Amino acid sequence: MSSSDDMAQERDPLLPDGPTQEGSTSCSPSRPHHNDGIETRRRTSDPSKPAADLRRSTNRLLQIAAAMFCFVVLGMLVSTLGVMVPQFEAYYHLTDLTVSAIFLVWPVGYVVASYLNGMIHARFGRRGIAAAGPLFHVVLATVAALHPPFPVLLTAMAVGSLGTGVLDGPLCAWAGAMEDANVVQGFLHGSYSAGAALGPFLAGTMLEVGKVPWYGWYYVLLGVSILEAITLLVAFRFEDAETYHSAHTQSPDPLIPASSSANSKTAIFKHPATWICALFFLACVGTENAISGWIVVFMTRGNHSSPYLASLTSSLFWIGQAGGRVTLGALANDRLGVRNATIFYLLAALVFEALFAGIRVPGFAAAMVALLGFCLGPLFPSGVYVLARLLPREMHVGAVSFVALVGQVGGAMMPFGLGALVDSLGIQVFQVVVFVLILATLGVWLAFPRLPQVEGVCDEDGLVEETDV
């Protein structure tokens with residue numbers, strides 16, 4: 001064999017086999033010239049590249065971990081409202097209808113955040129939301145710890161919800177644009193559910209076992225909010241406005257039409273997927289908050305359980321959600337496809353809700369509530385994943401912030417409406433309302449269009465595999 005053949009054989013593994021047409025799913029791009037191949041070999045042998053890749057991977061893992069802790073704090077803030085309902089009623093001498101106002105003020109911050117998120121990203125990048133969101137949480141926890149008059153407490157909760165709105169939508173959009181978006185979304189929202197499970201357990205233990213007044217719980221939230229600020233600022237310290245703009249100047253997905261006007265604030269409203277996802281979040285977040293907001297009252301009044309078991313039931317609901325978001329989101333979605341998997345989850349949730357309504361044994365009811373949470377857990381991250389697949393990358397922050405806002409409106413209106421019904425018809429109406437809300441959520445999910453096929457991925461044998469979504 002000649003020396004030229006030896007050189008060619010040495011270079012061949014570095015060079016692809018031949019040209020392909022644009023849009024092909026072939027694993028082999030066009031063959032470059034020999035000089036280009038030699039230059040490619042020189043570039044790939046750059047010793048600084050592996051170190052840079054390692055730094056990027058480490059920083060990304062740190063950001064995911066910080067976002068997960070942030071969602072733990074978000075879950076703790078929201079879930080303990082249900083535990084505090086009877087405490088507020090006793091301390092401030094409120095009726096079921098009046099105390100339901102705590103659910104109404106929560107979307108106020110989301111409304112403001114929907115207008116601020118784009119400006120914060122444009123001027124400060126993700127580093128801006130990492131600083132602003134926890135600051136509003138600190139304000140809420142500080143004011144609530146001073147147990148002020150009820151109207152002042154409501155105002156503080158609106159401020160705290162602004163921090164939640166500043167963090168929730170943008171971090172969901174950030175995770176939804178990742179390569180393993182469905183898995184990362186599952187871990188983020190699993191963290192939210194973990195915090196939501198931890199909150200009622202800790203608050204219930206402090207109130208019922210430790211005999212601590214209700215406002216003592218907000219000293220705990222003050223500490224975790226400060227820790228949240230530190231972790232987010234460290235993780236996103238390099239995510240400034242320039243970094244944000246450089247990553248969002250064009251859509252990387254060739255399946256999305258280039259004519260989409262990402263610079264227009266109204267462009268997201270021209271996509272039907274935005275409105276369908278908004279209705280879906282209105283129903284599913286409303287269902288979650290209606291359950292978590294009134295399950296403690298239902299267990300004590302309807303099932304005649306102890307206050308401590310009622311608080312544990314609220315924790316079990318969120319523990320089920322955490323398990324569902326992590327396991328079902330990471331496993332079943334990838335095997336069944338997001339659409340079919342979510343239909344299955346909602347049908348199972350209807351079964352568990354029917355069993356919960358039919359068998360009035362406190363221990364069995366707590367188990368059914370946990371399974372109900374397990375089935376409802378993957379809904380929110382699945383909705384974000386679908387929306388991110390259907391819209392251009394430049395619209396993710398605005399669209400996810402908007403649908404999260406609508407979800408929080410549902411998360412406020414459903415518990416408030418349920419409180420009004422409980423005040424007039426009695427606590428037994430709780431189970432009927434929850435069943436109807438799950439059924440409505442299923443109906444909206446069926447209205448989503450099917451997702452386009454993902455890009456072909458080569459396996460070890462060079463064959464193209466496509467995922468049916």
Side-chain angles (χ1 to χ4, degrees), residues 72-96 98-103 140-148 150 153 156-157 160 192-225 288-322 356 360-373 415 418-419 422-423 426-428 430-431 434:
V72 169
V73 178
L74 300 187
M76 294 175 68
L77 284 167
V78 173
S79 65
T80 49
L81 289 179
V83 178
M84 293 300 163
V85 164
Q87 301 294 325
F88 291 160
E89 287 181 331
Y91 188 84
Y92 292 108
H93 308 289
L94 305 174
T95 64
D96 289 336
T98 306
V99 78
S100 297
I102 64 174
F103 301 111
L140 163 61
T142 302
V143 173
L146 299 176
H147 49 97
F150 190 63
L153 179 63
M157 288 186 173
Y192 177 91
S193 297
L198 184 64
F201 171 74
L202 292 179
T205 302
M206 291 175 62
L207 295 173
E208 300 300 329
V209 179
K211 304 302 179 183
V212 177
W214 66 265
Y215 46 85
W217 166 247
Y218 285 93
Y219 285 101
V220 177
L221 292 181
L222 176 60
V224 297
S225 296
E288 292 177 2
N289 287 13
I291 295 172
S292 65
W294 288 99
I295 188 61
V296 174
V297 177
F298 175 80
M299 290 295 291
T300 53
R301 294 185 195 173
N303 277 1
H304 308 291
S305 65
S306 65
Y308 189 57
L309 178 58
S311 298
L312 290 180
T313 302
S314 180
S315 289
L316 287 173
F317 173 74
W318 291 107
I319 289 172
Q321 284 230 327
F356 172 53
R360 299 296 184 84
V361 178
F364 181 82
M368 290 301 100
V369 169
L371 291 173
L372 184 59
L418 180 55
V422 168
D423 193 58
I427 192 61
Q428 303 303 331
F430 169 82
Q431 293 170 318
V434 171

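No experiment lies behind these values; they were computed from the predicted model shown.
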> Could you tell me which residues satisfy ring pair (Phe, Tyr, Trp, His ring centres under 6.0 Å) with Phe298, sequence neighbours excluded, listed by chain and number?
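Partners of Phe298 by the ring pair (Phe, Tyr, Trp, His ring centres under 6.0 Å) criterion, ordered by chain and then number, come out as Phe356, Phe430.
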> Any side-chain heavy-atom pair from Leu77 and Leu140 closer than 4.5 angstrom?
yes
> Going by heavy atoms in the side chains, are Tyr215 and Leu153 under 4.5 Å from each other?
no
> Taking C-beta and beyond as the side chain, do Trp217 and Leu202 meet within less than 4.5 Å on heavy atoms?
yes
> Give the minimum heavy-atom separation between Ser305 and Pro362, together with the two atoms involved.
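Smallest heavy-atom distance, with atoms named: CB-CB, 4.1 Å.
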> Suppose we screen for ring pair (Phe, Tyr, Trp, His ring centres under 6.0 Å). Which residues come up paired with Phe150, at least two apart in sequence or across chains?
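Ring pair (Phe, Tyr, Trp, His ring centres under 6.0 Å) list for Phe150, sorted by chain: Tyr92.
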> Determine whether Tyr192 and Val72 satisfy the following criterion, side-chain contact (heavy atoms from CB on, under 4.5 Å), listing intermediate values before the conclusion.
CA-CA 5 Å; Tyr192 177 91; Val72 169; over 6 Å; no
> For the pair Thr142 and Tyr218, evaluate side-chain contact (heavy atoms from CB on, under 4.5 Å) and give the outcome as yes or no after the intermediate values.
CA-CA 7 Å; Thr142 302; Tyr218 285 93; over 6 Å; no
> Once rounded to the nearest 0.5 Å, what's the spacing between atom OG1 of Thr205 and atom CG of Leu312?
6.5 Å
> Closest approach of Gly195 and Met76, non-hydrogen atoms and distance?
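Nearest pair, atom of Gly195 first, then Met76: O-CG, 3.2 Å.
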> State, to 0.1 Å, how close Ala310 and Thr300 come at their nearest heavy-atom pair, and which atoms those are.
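Looking at all heavy atoms of both residues, the closest pair is CB-CG2, 3.7 Å.
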> Name the one of Val369, Val83, Leu372 that satisfies side-chain contact (heavy atoms from CB on, under 4.5 Å) with Ile295?
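Answer to the side-chain contact (heavy atoms from CB on, under 4.5 Å) test with Ile295 among Val369, Val83, Leu372: Val369.
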> Within this structure, what is the OG1-CG distance for the pair Thr80 and Leu221, rounded to the nearest 0.5 Å?
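Separation between the atoms: 5.5 Å.
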> Under 4.5 Å between any side-chain heavy atoms of Phe103 and Trp294, yes or no?
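Counting from C-beta outward, Phe103 and Trp294 do come under 4.5 Å.
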> Measure the shortest side-chain to side-chain distance between Ser79 and Ser292 over non-hydrogen atoms and say whether it is less than 4.5 angstrom.
no
> Mind checking whether Met84 and Leu207 have side chains closer than 4.5 Å, heavy atoms only?
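Yes, side chains in contact.
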> Once you round to the nearest 0.5 Å, how far does CD of Gln431 lie from CD1 of Ile291?
10.5 Å
> Please list, chain by chain and in numerical order, all residues satisfying ring pair (Phe, Tyr, Trp, His ring centres under 6.0 Å) with Tyr91, sequence neighbours excluded.
Trp214
> As an exercise, state the distance from CD1 of Ile427 to CG of Asp96, rounded to the nearest 0.5 Å.
7.0 Å
> Identify the two heavy atoms, one from Ala197 and one from Ile319, that lie closest to each other, and give their separation to 0.1 Å.
CB-CG1, 3.2 Å
> How far apart are the closest heavy atoms of Leu418 and Ala290, and which atoms are they?
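Shortest heavy-atom contact: CD2-O, 3.8 Å.
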> Within the 4.5 Å heavy-atom criterion, are Met157 and Leu81 side-chain neighbours or not?
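The answer is yes; the side chains approach within 4.5 Å.
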